[in-house]
Structure formats: C-alpha cells, structure tokens
Engineer: 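For reference, the structure I am asking about is given below.
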Amino acid sequence: MQTAANLMPIPGHIDPVPVPRSFVPRSDGRIDLLGLSLTDLRMALETSQLEEKQAKLRAKQLWHWIYNRGATEFSAMTDISKTMHPWLEQRFVISRPNVVEAQVSTDGTRKWLLRSDDAQDYEMVFIPDADRGTLCVSSQVGCTLNCTFCHTGTMRLVRNLTPAEIVGQVMLARDSLGEWPSQPEGRMLTNIVMMGMGEPLYNFENVRDALKLVMDGAGLALSRRRITLSTSGVVPMMARAGAEIGVNLAVSLHAVTKEVRDEIVPLNRKYGIEELLQACADYPGTNNARRITFEYVMLKDKNDSDDDARELVRLLRKYELPAKVNLIPFNPWPGAQYECSTPERIKSFSSIVFGAGISAPVRTPRGRDIDAACGQLKTASEKKSRAQIDREAAAEADAAFV
Ligand code: SF4
C-alpha cells in the first residue's frame with residue numbers, strides 16, 4: 001500500500017496526482033544517493049528497511065555530508081556510527097560522473113568530457129575570471145533542436161541527463177577546485193549557467209530538481225541570482241521555469257527576423273520571435289538589476305548588419321525588456337556552414353545596441369586551444385575512439401595473418 005511518505009507529486013498543472021518514486025538501482029544493485037532531495041533520501045533509507053525515525057535522522061546527516069562536505073565515502077561520515085558504514089556501503093553509493101578527459105586551457109578554462117554509467121558522453125566547462133568563476137553545465141546528451149551554428153546540434157539526442165548527472169557536474173567541479181566544505185565566501189565556483197549540451201527546458205523536471213539541490217542554502221548554497229538558465233525559446237515552459245526554478249533567464253535569440261531565425265534556430269518555426277519576447281516580458285522577477293540575457297552569435301553576412309542591430313533594439317524596446325545582449329563571436333567547427341563576423345562588423349553592431357542604452361558586450365572567446373565550445377570535446381573524443389577502433393581492427397587483421 002502506498003503511504004503519503006513514499007509518494008511524490010507529478011509536477012505541473014495538468015496532473016497533480018501523486019505517484020510512487022522508484023529508486024533505480026545501478027548495475028551493482030546499489031542505489032545512488034546523489035541527486036536525491038532530502039525527502040527522497042529518507043525514502044531510499046526507508047525502502048531499505050531502516051526504521052522511520054532512524055531514516056529521518058540518517059537522511060539529514062547523509063544529505064549534509066553529500067552536499068555540504070562533498071563526501072563520497074560513508075567511512076568519512078564521522079557522526080554516523082562506524083557499525084552503520086558497511087550497511088550503507090552495501091546498499092548505497094554517492095557517485096560522481098566518470099571523467100574521460102580533462103583539459104586546461106592556457107587561459108585557465110577547464111573542460112571535462114564526462115561519461116555516464118551507460119556510456120553516454122557529455123561535457124562541462126569551467127571559466128574562471130578575475131572576480132568569479134562560471135561553470136557551464138549540460139542538461140542532455142546531444143540535443144534535438146539542431147541550431148545550425150551549434151556543434152551539439154549536429155549530434156543526435158541520446159537522452160536527458162538525470163538530476164544526479166546534472167548536480168554531479170557541480171560536485172565534480174567543486175572536487176576539482178577543492179571547494180569543500182561549502183563556504184559562503186571566497187569560492188572560485190561562483191556562478192552556474194545551464195548552457196552546455198542540450199535544451200534545459202526539454203528536460204525540465206530533472207533540471208529543476210538538480211538546481212534545487214544546487215540552491216539549497218544548507219548544501220551547495222549557490223544563490224538563484226548566480227544561476228542562469230539558457231533556453232532557445234521553449235515558450236510553453238518558460239513560465240514554469242520562472243515559477244518553479246526562478247533563476248536568471250538567458251535566451252538564445254541569435255536573429256531578429258523570422259527568415260533568419262527559422263534557419264539558424266529551427267525551434268523558431270514553432271515558437272516565433274514575438275511569442276518568445278512576450279514570454280520573456282512575462283518572466284517573473286526581472287528588472288534592471290536582474291536583466292534577461294539575450295545571446296547573439298555573430299555570423300558573417302547572416303545576422304550581423306546594422307539593420308539587424310536596429311531591429312534588435314526595436315524589439316527589446318517594444319517588449320520593455322530589461323535586457324543585456326551578449327554578442328558571441330562564432331567559433332567555427334569542422335563542417336560549419338558559417339563564418340564569424342569581422343571584428344569591425346561586431347563593433348558596429350555592438351555600438352548601435354550600446355547607443356540605445358542596452359549593454360552589448362562582446363564575449364571574449366575562451367579556451368579555444370582546448371575546443372571549449374559546446375560539443376567539440378565530445379566529437380574530438382569520438383574521432384579519437386574511431387581512430388582507435390581502426391587501429392585495433394588493423395592490429396587484429398595483422399594478427400590473423402601471422
Ligand atoms: S544551441 Fe543549444 S538548443 Fe541549439 S542545438 Fe545547440 S545545444 Fe541545442
């Protein structure tokens with residue numbers, strides 16, 4: 001029989017009926033505690049036959065060790081009795097994503113290629129600046145949206161990342177920066193952008209659950225004001241993102257006419273520019289101190305004219321959006337059909353927008369020596385493994401002739 005304790009509400013307005021939360025065991029039969037909320041953690045303990053009161057207490061302790069101290073071993077948990085450690089170890093694990101490759105750029109940018117237990121690769125990037133450090137987090141393996149300028153868009157979607165895999169990126173970055181236990185001051189990892197592989201609003205529940213863990217003041221404790229969720233314009237989910245996550249919003253706009261945006265961000269054919277900007281205007285909590293960021297990749301002779309800049313200003317004014325425009329010089333990848341706009345063109349575009357009183361900085365390319373643009377490391381690794389497969393095949397063929 002289901003009790004209120006082991007039910008979870010289905011998020012959303014349509015079907016609020018509670019359904020049981022199931023814990024999917026790993027191939028070794030153990031349950032991963034990473035990515036679980038405090039309630040789910042308690043339920044996982046109860047499901048393993050820990051008595052209710054004990055489960056409540058242990059869940060609190062475990063949660064603190066996982067998200068505040070960064071512990072991955074039960075033996076490190078000094079306030080949990082030693083006799084209980086083997087019981088926990090037999091049933092549970094606190095995972096981290098597997099690192100396939102880690103690279104550090106000459107400018108300090110760090111990039112990781114990560115692999116899930118079912119052998120799916122995804123990426124995260126850490127970009128340090130003088131006064132802050134931003135982690136760019138992935139939400140999906142691949143992406144369905146096929147933006148034509150984006151390298152990830154050329155990969156087919158394999159699956160959504162789980163809350164554990166999403167929050168796991170933050171945990172891994174903290175491990176690597178040595179930022180445990182969680183300190184309110186002096187961190188290198190100060191900001192998070194959901195701007196890696198995938199469209200976060202197509203993986204809404206998992207992204208929301210992971211970000212709730214990231215924002216919890218007793219754990220990772222990153223303020224919602226330091227987290228930005230970037231969408232290509234999944235209009236029907238934007239209001240829910242505002243209500244249920246409430247982080248800063250960034251929109252991959254990239255074009256101001258239907259014709260061009262239909263081409264470079266095909267989702268535009270479903271949710272047009274005006275509809276998208278209206279959803280931005282309705283997004284809660286925006287003001288001049290908390291502006292919406294509009295990402296705009298600079299593509300030569302495609303979206304970079306002075307007229308485009310003026311149209312951008314007109315649209316932002318029409319919807320009275322507290323906006324900041326991020327101009328991104330296009331970082332070409334092998335097979336890309338676009339070139340980056342010239343520096344003069346970017347400057348001219350930027351000054352028109354700035355001239356209208358809207359901030360329009362040009363993003364400095366980071367980590368170019370390590371393929372830090374989204375999707376590039378994964379592709380490089382796939383190439384490498386194909387080459388390796390070829391070598392192995394050749395070696396096998398050689399062996400057959402001996
Ligand atoms: S820009 Fe974002 S939404 Fe578009 S294909 Fe790339 S990862 Fe997907």
Side-chain angles (χ1 to χ4, degrees), residues 111-114 120-125 127 134-161 165-166 169 192-204 206-207 210 227-238 241 247-256 260-273 275-276 279-280 292-299 302-303 325-338 340 363 365-367 371-382:
K111 180 153 185 163
W112 291 262
L113 181 65
L114 308 173
Q120 303 302 341
D121 290 354
Y122 53 102
E123 303 173 350
M124 69 173 196
V125 181
I127 305 151
T134 305
L135 186 70
C136 181
V137 172
S138 291
S139 56
Q140 297 181 307
V141 181
C143 187
T144 44
L145 290 184
N146 302 114
C147 302
T148 47
F149 60 88
C150 169
H151 204 223
T152 301
T154 63
M155 299 166 194
R156 71 188 174 90
L157 176 76
V158 182
R159 68 169 171 80
N160 286 335
L161 292 177
E165 288 161 343
I166 297 167
Q169 296 172 59
I192 288 180
V193 289
M194 294 302 306
M195 247 178 230
M197 296 169 75
E199 163 56 60
L201 295 188
Y202 274 177
N203 185 15
F204 182 81
N206 290 353
V207 167
I227 301 174
T228 302
L229 184 146
S230 174
T231 179
S232 289
V234 185
V235 169
M237 298 305 290
M238 286 170 66
V247 294
N248 302 325
L249 181 68
V251 171
S252 299
L253 190 64
H254 304 310
V256 288
V260 177
R261 196 161 191 269
D262 275 359
E263 176 193 324
I264 67 178
V265 184
L267 185 65
N268 196 66
R269 295 174 206 160
K270 207 165 177 188
Y271 310 115
I273 294 174
E275 209 183 331
L276 171 58
C280 291
I292 297 176
T293 305
F294 289 90
E295 308 284 346
Y296 200 99
V297 66
M298 297 301 293
L299 304 173
K302 182 51 73 179
N303 61 357
V325 178
N326 245 349
L327 299 176
I328 309 163
F330 177 59
N331 184 5
W333 35 271
Q337 52 180 306
Y338 304 108
C340 181
R363 191 191 285 172
R366 300 290 302 264
D371 293 336
C374 179
Q376 293 192 349
L377 195 59
K378 176 171 154 74
T379 314
S381 144
E382 280 168 357

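Computed from a predicted structure; not experimentally measured. In each ligand, atom 1 is the first atom listed, and ligand 1 is the first ligand listed.
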Engineer: Strictly under 2.8 Å, is atom 4 (Fe) of ligand 1 approached by any N, O or S atom of C150?
Structural biologist: no
Engineer: Can you list the atoms of ligand 1 that are under 4.0 Å from a heavy atom of N146?
Structural biologist: 5 (S)
Engineer: List ligand 1 atoms under 4.0 Å from L145, heavy atoms only on the residue side.
Structural biologist: 3 (S)
Engineer: Compile the donor-acceptor pairs under 3.5 Å between side chains in residues 140-147 and protein atoms, sequence neighbours left out, one pair per line.
Structural biologist:
unit_1: Q140; atom_1: OE1; unit_2: E199; atom_2: N; d: 2.9
unit_1: Q140; atom_1: NE2; unit_2: N160; atom_2: OD1; d: 2.8
unit_1: N146; atom_1: ND2; unit_2: G153; atom_2: O; d: 2.7

Engineer: Once you measure the plane-to-plane angle for H254 and F149, does it fall in the parallel (<30°), tilted (30-60°) or perpendicular (>60°) bin?
Structural biologist: perpendicular
Engineer: Any donor and acceptor pair, going by atom type alone, linking the side chain of S232 with main-chain N or O of S252 inside 3.5 Å?
Structural biologist: no
Engineer: At the 4.0 Å heavy-atom cut-off, does G198 count as touching ligand 1?
Structural biologist: yes
Engineer: Please identify which atoms of ligand 1 are closer than 4.0 Å to at least one heavy atom of S232.
Structural biologist: 3 (S), 4 (Fe)
Engineer: Has C143 got an N, O or S atom lying less than 2.8 Å from atom 8 (Fe) of ligand 1?
Structural biologist: yes
Engineer: Evaluate the criterion side chain to side chain contact (heavy atoms under 4.5 Å, CB included) for residue pair Y338 and I264; output intermediate values, then yes/no.
Structural biologist: CA-CA 10 Å; Y338 304 108; I264 67 178; 3.3 Å; yes
Engineer: Step by step, work out the side chain to side chain contact (heavy atoms under 4.5 Å, CB included) result for N203 and I166.
Structural biologist: CA-CA 11 Å; N203 185 15; I166 297 167; 3.9 Å; yes
Engineer: Out of S252, C147, S138, who is nearest to atom 5 (S) of ligand 1 when you count heavy atoms only?
Structural biologist: C147
Engineer: I need the minimum non-hydrogen distance between C280 and L249, along with the two atoms involved.
Structural biologist: SG-CD2, 4.4 Å
